[in-house]
Amino acid sequence: VDEIGVEYLGLNGLLQNILGLMTLLEGGFATSVVYNLYKPLAEDNRPLIIGLIQLYRKVYRYIAIGVILCGIAIYPFIGYFISDFSDMKDVGIIYFIFLFNSTIQYFTAYKWSLINSSQQAYKLATINLTYQIGLNLGKLAILYYTQNYIIYLVVEALFGIGLNFAIVKKANKLFPYIVGAERHSVPTNVKNNIITNMKALFLHSLGGYFMHSTDNIVMSAYIGVGIVGLYSNYTLITTTLRGFTNQILNSFSESVGNLIASESAEHSYYIFKTILFVNFLVASAPVVILSTTMQPFVQWWIGAEYELSKATLAVILFNFYIDSMRSSALTFKVKSGIFVKDRFTPLIQGVINLLLSLLFVRIWGLTGVLAATGISILSIGFWQWPRLIYKYTFKKNVKAYFLRYLKYSSVFLLVIIISNILCHLVPQINSFVNLIVNASITLTVMSSIYFIAFRDTEEYKSILDHIRIGILSKFRHQA
């Protein structure tokens with residue numbers, strides 16, 4: 001913010017959302033192919049694996065070309081999305097660098113998906129960590145020494161190329177039989193399954209775009225790109241935390257696919273309850289902590305003038321919680337192959353979000369746009385995914401899920417209230433001191449109440465057992 005200004009920070013978020021429209025060309029093809037890779041990988045059916053990967057590669061090259069052409073076609077209309085477009089410089093150069101960064105991933109996505117489907121994503125940990133550290137240090141250096149946003153984006157592009165190159169090398173090493181392999185066709189029944197799922201997943205992608213990628217566009221068009229920049233400061237924090245929580249929950253993802261395929265519905269349900277509890281912990285903890293520390297942190301980090309209102313912060317945290325809490329249900333839905341039965345759900349939810357955003361932005365501004373997101377999630381997405389997995393995966397009444405959700409959320413709300421009351425009693429010294437004090441109070445309250453509330457539950461004991469087993473296994477391996 002200090003180096004490039006809030007307007008370019010807002011432009012960054014806006015262009016990400018506009019070019020996110022290009023992902024609709026993929027139409028769920030990748031998810032459908034990955035789903036069909038599980039069985040041949042488990043059976044080491046190399047001809048089918050090679051056939052699927054070759055199909056994946058061919059289609060994604062066409063998609064990449066389509067993204068480039070659509071990106072070029074959209075550019076002349078970019079000014080309509082920015083209310084203060086005339087004040088921005090170098091928008092064209094910035095736009096096409098963004099377009100390049102959006103395109104390069106399509107040329108290597110098939111190899112990343114192969115690694116992920118084979119439950120070997122952990123072997124990319126070093127590559128991803130090196131990429132993240134190098135990228136962030138490089139971008140910080142560019143901003144500090146040059147204050148040039150274009151060079152900042154070029155560095156990002158170069159690191160993206162390096163990451164893709166490293167993933168290709170790793171995939172070739174793990175699966176040497178896919179390199180230079182002779183052509184293999186995909187059986188008709190598998191192709192038909194991919195196409196059927198892809199049609200449903202396209203509606204999922206379209207709904208997802210309306211749900212998650214239109215807010216910044218509405219804000220920019222009706223309020224100004226500067227507001228998007230202010231909001232981006234908050235989303236930088238929440239997105240970082242969401243990435244951390246997703247990393248924890250995604251560690252279960254591929255195992256869930258094998259679990260559903262090989263175990264009974266009852267055992268799958270038992271594991272789901274444990275994962276849902278983990279989901280609750282990693283979704284609620286950031287919200288509880290941010291409820292008392294976000295404003296002091298922003299004051300200390302970039303200054304009080306960049307603060308959003310308490311009402312806006314409350315809506316941001318509410319959306320973070322209800323959206324994060326759906327992760328476990330989504331994982332089980334996807335790994336169960338439930339794509340067609342709810343194909344219209346994301347689209348309906350996304351349209352509700354867009355319409356309410358266009359209405360509320362005129363009344364409540366930024367807070368109204370964010371409130372529209374929360375309402376749209378509650379309208380259908382909140383209950384639909386649990387209903388589907390309880391009906392088709394677990395063969396149980398979904399009432400049990402909502403009772404458990406109510407219990408977790410009640411404890412979470414109690415922690416929020418007590419933490420904020422206690423932090424409100426702390427005198428205002430300075431932003432950094434209040435940040436540390438508030439964080440300490442909140443962590444103490446949350447840890448104490450969560451322990452008292454959940455220590456006797458089956459899920460809590462299951463987590464402790466898994467931790468003990470993991471530690472013992474590590475010691476045995478070292479011995």
Side-chain angles (χ1 to χ4, degrees), residues 26 28-65 67 100-135 157-195 197-198 201 246-247 250-262 331 334-335 337 473-474 477:
E26 188 263 344
F29 176 76
T31 304
S32 186
V33 170
V34 167
Y35 175 72
N36 281 278
L37 273 170
Y38 289 133
K39 186 176 180 180
L41 282 168
E43 298 173 350
D44 196 28
N45 185 344
R46 295 191 177 187
L48 182 52
I49 293 170
I50 294 170
L52 286 168
I53 290 301
Q54 289 173 341
L55 175 65
Y56 196 173
R57 179 180 60 194
K58 179 180 179 181
V59 171
Y60 256 53
R61 284 176 178 172
Y62 286 123
I63 290 172
I65 295 170
V67 167
F100 175 80
N101 289 344
S102 300
T103 305
I104 56 173
Q105 60 183 321
Y106 292 111
F107 291 100
T108 58
Y110 64 99
K111 293 200 173 181
W112 181 90
S113 294
L114 181 59
I115 297 172
N116 192 45
S117 300
S118 63
Q119 300 185 59
Q120 298 187 73
Y122 64 91
K123 293 184 179 179
L124 296 176
T126 302
I127 293 173
N128 288 327
L129 181 62
T130 303
Y131 165 74
Q132 289 293 340
I133 293 174
L135 174 63
L158 293 174
F159 270 92
I161 293 170
L163 174 65
N164 282 277
F165 178 74
I167 289 174
V168 168
K169 284 195 67 177
K170 176 62 74 171
N172 291 345
K173 183 178 179 180
L174 293 173
F175 306 96
Y177 59 85
I178 68 170
V179 181
E182 61 182 72
R183 295 194 62 80
H184 289 271
S185 60
V186 177
T188 303
N189 65 314
V190 177
K191 278 187 179 179
N192 290 339
N193 182 261
I194 291 173
I195 293 170
N197 287 334
M198 191 174 71
L201 286 165
N246 285 345
Q247 194 168 11
N250 288 343
S251 65
F252 302 109
S253 180
E254 303 310 323
S255 299
V256 168
N258 290 329
L259 171 75
I260 293 171
S262 59
T331 296
V334 170
K335 300 309 175 183
S473 299
K474 185 175 180 180
H477 179 72

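All heavy atoms count here, side chains included; hydrogens, waters and symmetry mates do not.
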Discussion item. Measuring only between side-chain heavy atoms, which start at C-beta, is Asn128 closer than 4.5 Å to Leu163?
Written reply: yes

Worksheet item: Can you check whether Tyr110 reaches Val59 side chain to side chain, under 4.5 Å on heavy atoms?
Response: no

Worksheet item: What salt bridge (charged side-chain N to carboxylate O under 4.0 Å, His left out) pairs are there with at least one residue in residues 50-62, not counting sequence neighbours?
Response: none

Worksheet item: Nearest 0.5 Å, what's the CD-CD1 distance between Gln105 and Ile63?
Response: 10.5 Å

Worksheet item: Hey, what do you get for NZ (Lys191) to OG1 (Thr188), rounding to the nearest 0.5 Å?
Response: 6.5 Å

Fill in: Rounded distance [0.5 Å steps], CD1 in Ile115 versus CZ in Phe175
6.5 Å

Worksheet item: Can you tell me how far CG of Asn101 sits from CG of Leu158, rounded to the nearest 0.5 angstrom?
Response: 9.0 Å

Worksheet item: How far apart are the closest heavy atoms of Lys123 and Lys170, and which atoms are they?
Response: O-CE, 3.7 Å

Fill in: Those residues that, when tested against Ile104, pass side chain to side chain contact (heavy atoms under 4.5 Å, CB included) (two or more places apart)
Phe100, Ile161, Asn164

Discussion item. Please find the pair of heavy atoms, one from Tyr131 and one from Gly160, that lie closest to each other, and give the distance.
Written reply: CE1-N, 4.1 Å

Response to the item:
On a heavy-atom basis, the closest approach of Ala109 and Tyr56 is O-OH, 3.9 Å

Worksheet, complete the sentence: In short, Phe107 meets Ala64 closest at the heavy-atom pair CZ-CB, 3.6 Å

Quick one: side chains of residues 44-51, donor-acceptor pairs under 3.5 Å with protein atoms, not counting sequence neighbours, listed by atom name and distance.
residue	atom	partner	partner atom	Å
Asp44	OD1	Arg46	NE	3.3
Asn45	OD1	Leu48	N	3.4

Fill in: Flag side-chain contact, heavy atom, 4.5 Å: Ile178 against Lys111
yes

Worksheet item: Do you know the tightest heavy-atom contact between Leu52 and Val186?
Response: N-CG2, 3.8 Å

Fill in: Nearest atoms (heavy-atom pairs only) where Gln54 meets His184
OE1-N, 3.0 Å

